[in-house]
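Worksheet: one structure, shown below.
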Amino acid sequence: MSTTDRPVATRPSAVVPEIEVDPGAFRHLADAQMNVELDTGDMVLNLGPQHPATHGTLRLVVRLDGERVLAADPVIGYMHRGYEKLTEYRPYPQIITLINRIDWLSSFANEVPFVHAAERLMGIEAPPRAVYIRTILTELSRIATFILFLGEMGLQVGAMTPAFFGFRDREHVLNVIEGATGGRFHPNFNRVGGLKDDLPWGWIAECRRTMDIVFKSCDDFEDLLMGNEIFEARTRSIGIIPADVGTSYGVSGSNIRASGVDWDLRRDGDAYLAYRDVDFKVWTHPDGDSYARYWVRLQETRESARMVLQLLDAIPAGPIMAKVPRVIKVPEGECWVETENPLGQMGYYLVSKGSTGPFRTKIRSASFSNVSILPWLLQGVYIPDIITILASLYFILGDIDR
Amino acid sequence: MTHLLAVDIGWGWTLAIKTVVVLGLIPLGALILGYTFLLKMMSHMQSRLGPMDPGGFHGWFQLVGDGMKFLQKEDIMPEQADRRVFALAPAVVVISTFLIFVVIPTGPRLVVKDLDVGVFYALAVSSLSIIGVLMAGWASANKFALLGALRAAAQLIAYELPLLLAVVGVVVQAGTMNLNGIVTAQQNGAIFGWDGLGNPYILTQFVGFALFLVAAQAELTQTPFDMPVAESELVSGYMVEYTGFRFLFFFIGEFGTAFAFAALAATLVLGGWALPGVHGGTADLLGPLVLFVKLMAVAFLIFWVRFTYPRLREDQLQAMAWKYLIPIALANILVTGLFKVWL
Amino acid sequence: MADETPPEGNGTEAGEVVEAAEGAEGAEVPALGEREQALLDRLAAELGDGVVEHAEACGDLVVRVRPDSWRRAASVARSELDCDYLSFVAGIDWMPAEPFRGAPGGEPSQPSQPSDTAYGAAGSAGRFQVFARVQSTTDHHGVTLKTDVDESDPRAESWVEVYPGADWHERECWEMYGISFDGHPNLRHLYLPSEFQGHPLRKDFPLLAREVKPWPGLVDVEGPAGSDEAAGGDA
Amino acid sequence: MTAVGPSAGDGGKKKSARRLPGQGLVEGLGVTLRTMFEGAVTVQYPHEKEEPPTRARGVIALKEENCTVCMLCARSCPDWCIYIEGHKEARPPRRAGGRERSVSVLDRFDIDFALCMYCGICVEVCPFDALFWSPEFEYSEGSIAKLLHDKRKLGDWMEVVPESEPLEVGAEIKAK
């Protein structure tokens with residue numbers, strides 16, 4: 001594509017740096033920002049921060065040759081809220097409500113590793129009933145996240161209807177979560193040592209009904225989108241992440257399992273929640289492309305629904321709160337707790353100095369690492385593939401920016 | 001049309017009536033399609049209701065309201081835009097839509113201009129809109145718009161050929177390029193000697209019809225070929241900088257063209273205005289209604305696909321056009337020709 | 001008025017307060033698990049005296065290595081320990097936090113950290129440290145590595161060559177703590193605007209949101225004239 | 001468990017079956033057509049309303065009589081969005097000959113719902129049962145400043161606070 005005669009959308013007053021074009025040299029676009037003259041035939045396209053495919057405020061500066069991407073530079077931080085700093089100024093109960101908002105689609109799952117870290121340092125354990133309810137709610141939030149993904153992915157590759165199906169079916173899951181926790185998006189239901197409340201009457205039956213909807217929804221997505229030849233053409237062999245590259249970038253969760261790495265912290269990590277009592281299968285796919293990521297998430301949605309059904313049958317009776325001090329003080333020490341969140345490995349490195357709040361909390365969020373592979377992954381793809389890849393990596397901006 | 005309702009009127013009046021009809025038909029058609037399919041059918045396919053309040057009955061007034069809203073909006077033009085081209089582009093797009101309607105017959109005598117090369121003319125003017133799209137994309141001084149316009153140009157050119165070739169089968173079978181002639185040929189035809197229904201060419205030209213629909217889908221830049229507007233990639237492509245009534249023009253152009261293509265397809269393979277057993281003056285009266293029903297059926301197909309499928313990639317679209325559609329269309333012509341000659 | 005503990009108006013749970021178990025680590029380093037010990041042995045075998053100290057934190061192995069062995073530690077972890085997966089690289093500032101001006105420690109609204117300098121697991125040579133965690137996706141083990149960073153010239157070796165994913169983590173650490181990474185190809189702001197001054201996660205960087213608004217606990221109940229009774233004690 | 005390919009699992013509905021070309025396209029059309037006749041899930045909001053669950057955290061209601069101006073909620077709030085002012089008043093003793101009591105009187109209790117994160121910590125920490133959740137959600141305002149609600153408004157919401165609901169089987173009934 002020739003854009004030689006007319007600079008497009010560059011301001012005449014802008015200072016124009018001279019940039020030599022060498023596709024290899026643009027691995028990192030240190031200074032290739034917006035105002036680059038187009039005299040070389042390349043075009044710098046700015047996707048975002050306001051762009052429908054960036055789920056919020058991710059910005060991608062891509063250098064294009066025609067529609068082919070020579071180099072891409074993700075610019076993040078438009079939603080940086082500084083949670084690591086904020087946690088240092090708040091006591092533990094307040095932090096739980098904050099970290100809800102890291103990955104807002106699966107808020108409950110965010111809370112779990114944090115309370116685990118505090119509980120481990122304090123040497124207490126939540127009672128079994130609380131553990132089971134936590135597990136169920138974690139899986140429910142996984143289902144909610146993935147169902148939205150299954151539809152959202154369709155929207156990004158151009159099919160509008162699946163997105164509405166995603167929102168429609170997720171609503172049922174959110175209703176169940178809200179019924180138990182009182183919050184649709186931000187449950188704030190975990191407490192150090194247990195849970196805020198027990199389940200309301202009739203909730204288990206309601207949850208079972210919802211799982212039927214989830215299964216049906218998965219079938220719908222399979223018929224409507226995953227089986228569709230156009231969808232396959234758009235996603236097969238697009239954005240292939242080789243297993244070793246993925247792990248060295250810290251790509252985790254369904255993304256890395258779609259690259260054939262059989263690694264699921266629910267099964268392989270330190271025993272947490274009630275996953276040891278559940279019979280479940282870890283799905284992997286050997287291809288590592290966008291289609292594989294969609295496929296894995298679809299299977300994991302079904303698997304999670306099966307896990308919820310198993311857990312619902314086995315909820316033990318008993319208290320939901322361990323005996324904890326009125327003012328929670330975590331003894332001095334350090335603790336790393338990681339969990340398999342919907343988006344991947346979520347971990348908190350909690351450093352306590354014996355106060356009512358943490359001294360330092362390193363929040364290891366999944367999307368941050370998942371997205372950091374983008375400059376590598378986007379080289380040489382077409383513009384539509386950028387969108388496919390972004391959608392299939394499935395990130396939440398809050399989870400990148402924290 | 002000069003003998004409409006058996007009243008003789010002068011050519012000036014005829015021209016005026018024709019102009020008003022054509023000018024009124026496009027926005028009306030766009031409204032009907034937009035409301036029926038975009039607002040209602042899509043909503044229900046997505047488990048929604050769509051607008052329910054405006055106008056009382058199922059929100060029928062919604063699009064009219066939207067149109068009025070667009071008229072009130074500020075006419076924003078980008079600072080770097082090529083102002084004249086920018087302003088002209090939507091008009092070019094809409095004009096090409098208007099021109100298609102000139103030849104579409106809605107009754108034995110109800111046609112604005114009964115051209116002998118009607119099919120040829122309709123397809124030729126329909127591709128004029130590419131110029132408007134290119135003008136819009138180029139003049140917007142926006143990279144997304146430019147990408148969208150270039151995609152549109154590449155795509156529309158690539159799909160002119162299958163579109164045309166798909167129609168050739170019908171033309172060969174009917175032996176005329178006159179649209180009214182094609183309708184009459186279908187009406188007077190017979191299926192294996194049974195002429196109760198005439199012979200809608202959808203039976204013999206099914207491949208041609210399918211090809212026509214696919215190519216029309218691409219011409220209309222509708223999913224799965226909506227890369228030029230690709231909302232999730234190019235955020236609307238060539239129309240990204242348009243607001244207010246200029247955007248309304250694009251909207252009317254989009255749905256008006258869909259209306260026109262549906263009418264064209266209905267005329268070519270579904271028998272157009274013809275209803276079995278209805279001839280003469282009655283056909284003139286019933287014709288528009290019959291054609292409308294048929295074109296709505298075709299439009300349903302077009303929009304059903306649009307609301308179900310994901311989008312292809314630009315290179316896949318080109319590959320599809322050149323590798324599959326054109327060879328199939330040529331084969332179709334060949335087979336049709338052989339049958340025409342030997343039977 | 002700012003009570004040490006919140007007003008125990010009803011005292012329903014006051015009697016049930018259970019003392020939390022003391023920290024997992026006592027003065028002596030607890031014995032490492034078998035797997036952790038094996039990891040440590042292999043690390044030590046490769047790095048020699050590069051390993052300064054080790055500790056166990058909640059069942060995990062924490063190893064402090066010398067700054068000049070930092071990158072080597074990464075490549076050893078990757079090649080010898082099969083830790084193919086980089087979890088994170090982060091910094092930490094061990095400087096005691098400024099006491100909260102609103103209230104002394106124990107307030108539910110804002111924790112006050114102890115003012116003495118205490119270094120966490122595996123110790124530290126000074127104020128700043130860089131720590132990172134690498135894991136194995138095949139053997140499911142992991143190790144937390146730490147290294148000291150000189151306060152006057154905070155810099156550490158970059159891991160980007162070993163783990164490309166360290167790129168963003170190190171950029172984040174650089175802007176948040178001002179620790180630069182030798183060998184990083186592209187150290188520029190990740191989250192913050194490029195003209196941002198300061199390093200927000202350092203302990204001496206104030207959290208503005210807590211500065212501009214008065215602490216709600218300070219707005220207190222005025223007793224009737226002559227009364228010095230604490231509020232809330234009466235029901 | 002070993003890595004499995006897409007054809008090895010049992011999770012898919014029909015993943016391994018060899019499929020006809022174009023089958024996926026037709027099935028997709030089938031799904032949308034079926035959905036079209038299934039009926040919508042939309043709730044036409046102003047005309048009909050969804051009933052939120054009893055536990056839904058809609059709005060915080062204040063029972064003023066129970067408040068002792070202890071400030072615990074204000075201090076526990078992560079956002080510092082509760083503003084409380086009060087004063088002490090002397091009251092005559094309960095029993096004849098008793099000591100004169102001093103009672104805290106609430107002058108101001110504002111919650112800024114524009115800042116509020118709806119976490120519910122304030123409701124939870126309140127030792128005197130003065131704060132309650134209500135599923136009421138229709139209190140949007142035209143401007144952010146108007147979302148600061150005073151104790152009178154918060155008190156009005158006490159009317160929509162639901163009764164506490166029964167718990168699921170196996171729950172330990174906690175005496176509150």
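A, B, ... follow the sequence lines: proteins, then strands. Residue 1 opens every chain.
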Ion pair D/Arg57/A/Glu178, N-O distance below 4.0 Å: no
Pick whichever of D/Thr54, D/Thr35, D/Leu29 has the most heavy-atom pairs under 4.5 Å with chain A. D/Thr35
Between A/Pro162, A/Cys218, A/Gly227, A/Ala159, which has the largest tally of heavy atom pairs under 4.5 Å with chain D? A/Gly227
Is D/Glu27 close to A/Leu224 at the side-chain level, that is, under 4.5 Å between some pair of heavy atoms? no
Could you tell me which of A/Asn228, A/Val296, A/Leu298, A/Ile230 has the largest number of non-hydrogen atom pairs under 4.5 Å with chain D? A/Asn228
Is atom CD of D/Glu159 surrounded by more than 12 heavy atoms (other residues, nucleotides or ligands) closer than 6.0 Å? no
Can you tell me how far apart CD (A/Gln94) and CG (D/Asp79) are? Round to the nearest 0.5 Å. 8.5 Å
Pick whichever of A/Glu229, A/Glu171, A/Arg101 has the most heavy-atom pairs under 4.5 Å with chain D. A/Glu229
As an exercise: rank A/Arg257, A/His186, A/Glu232, A/Arg191 by heavy-atom pairs under 4.5 Å with chain D and give me the winner. A/Arg191
Got a sec: does the NZ of D/Lys151 have more than 12 other heavy atoms crowding it under 6.0 Å? yes
Step through the shown structure and confirm whether more than 12 heavy atoms of other residues, nucleotides or ligands are within 6.0 Å of CG on D/Leu33. yes
Does D/Glu51 CD have over 12 foreign heavy atoms under 6.0 Å away? no
Taking all non-hydrogen atoms of both residues, which atom of A/Asn188 and which atom of D/Cys119 are closest, and how far apart? ND2-O, 2.7 Å
Any heavy-atom pair between the side chains of D/Arg34 and A/Asp220 that's under 4.5 Å? yes
Does a side-chain heavy-atom distance below 4.5 Å link A/Thr181 with D/Arg55? no
If you take all heavy atoms of D/Pro78 and A/Thr97, which pair is closest and at what distance? CG-CG2, 3.7 Å
Is the CH2 atom of A/Trp201 crowded by more than 12 outside heavy atoms at less than 6.0 Å? no
What part of A/Pro187 gets closer than 4.5 Å to chain D, counting heavy atoms only: side chain, backbone, both or neither? backbone
For A/Phe165, which atoms come within 4.5 Å of any heavy atom of chain D: side chain, backbone, both, or neither? side chain
Check each atom of A/Arg184 against the heavy atoms of chain D and say whether the ones under 4.5 Å are side chain, backbone, both or neither. neither
